[in-house]
> 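Could you have a look at this structure, given as structure tokens, before my questions?
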Amino acid sequence: MSTTGGTRDFTRRSERMAATTLNAHTFRALAEEWYQTHGAKKSPAWRRLVRRWLDNRIYPVLGGLPIAAARKEDVLRVCEAALKDGYTD
């Protein structure tokens, strides 16, 4: 019996698990968890507003960023863009 196929399968499984784990620790994953937890208690208007902010302003800049790699400069970039557009809430 060859161990090459088994090693190759193990390597592929390990790589898939690592990618899944990495994606679970992105800014998007954490924000979605927060949205689901807090959104359940909020009004439909709040959920629509926050969903729009997440999808249109926050995720394009921070969504794929691993939480461990997030820097204050990254978050400030989103905040400053919102302020520049006249949002103060």
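By convention here, the first residue in the shown sequence is residue 1.
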> Check side-chain contact (heavy atoms from CB on, under 4.5 Å) between Ala45 and all other residues, then give those that pass, not counting sequence neighbours.
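Expected list: Ser43, Arg48.
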> For residues 74-85, dump all side-chain donor-acceptor pairs below 3.5 Å to protein atoms at least two apart in sequence or in another chain.
residue : atom : partner : partner atom : Å
Asp74   : OD1  : Arg71   : NH2          : 3.3
Asp74   : OD2  : Arg71   : N            : 3.0
Asp85   : OD2  : Arg57   : NH1          : 3.4
Asp85   : OD2  : Arg57   : NH2          : 2.6

> Please enumerate all residues that pass side-chain contact (heavy atoms from CB on, under 4.5 Å) together with Ala40, with sequence neighbours excluded.
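In terms of side-chain contact (heavy atoms from CB on, under 4.5 Å), with neighbours along the sequence ignored, Ala40 is linked to no residue.
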> Work out which heavy atom in Leu65 is nearest to a heavy atom in Ala70; give both atom names and the distance.
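Smallest heavy-atom distance, with atoms named: CD2-CA, 3.6 Å.
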> Could you check if a side-chain atom of Ile58 sits within less than 4.5 angstrom of a side-chain atom of Phe27, using non-hydrogen atoms only?
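The answer is yes; the side chains approach within 4.5 Å.
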> Using 0.5 Å steps for rounding, measure from the OG1 atom of Thr26 to the CD1 atom of Ile67.
7.0 Å
> Without placing hydrogens or testing angles, list every side-chain donor-acceptor pair under 3.5 Å for residues 29-37, not counting sequence neighbours.
residue : atom : partner : partner atom : Å
Glu32   : OE1  : Arg51   : NH2          : 3.0
Glu32   : OE2  : Arg51   : NH1          : 2.8
Glu32   : OE2  : Arg51   : NH2          : 3.1
Glu32   : OE2  : Tyr59   : OH           : 2.6
Trp34   : NE1  : His38   : NE2          : 3.4
Tyr35   : OH   : Arg47   : O            : 3.1
Thr37   : OG1  : Glu33   : O            : 2.9

> Could you measure the distance from the CZ atom of Arg28 to the CG atom of Leu62? Nearest 0.5 Å is fine.
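Result: 10.5 Å between the selected atoms.
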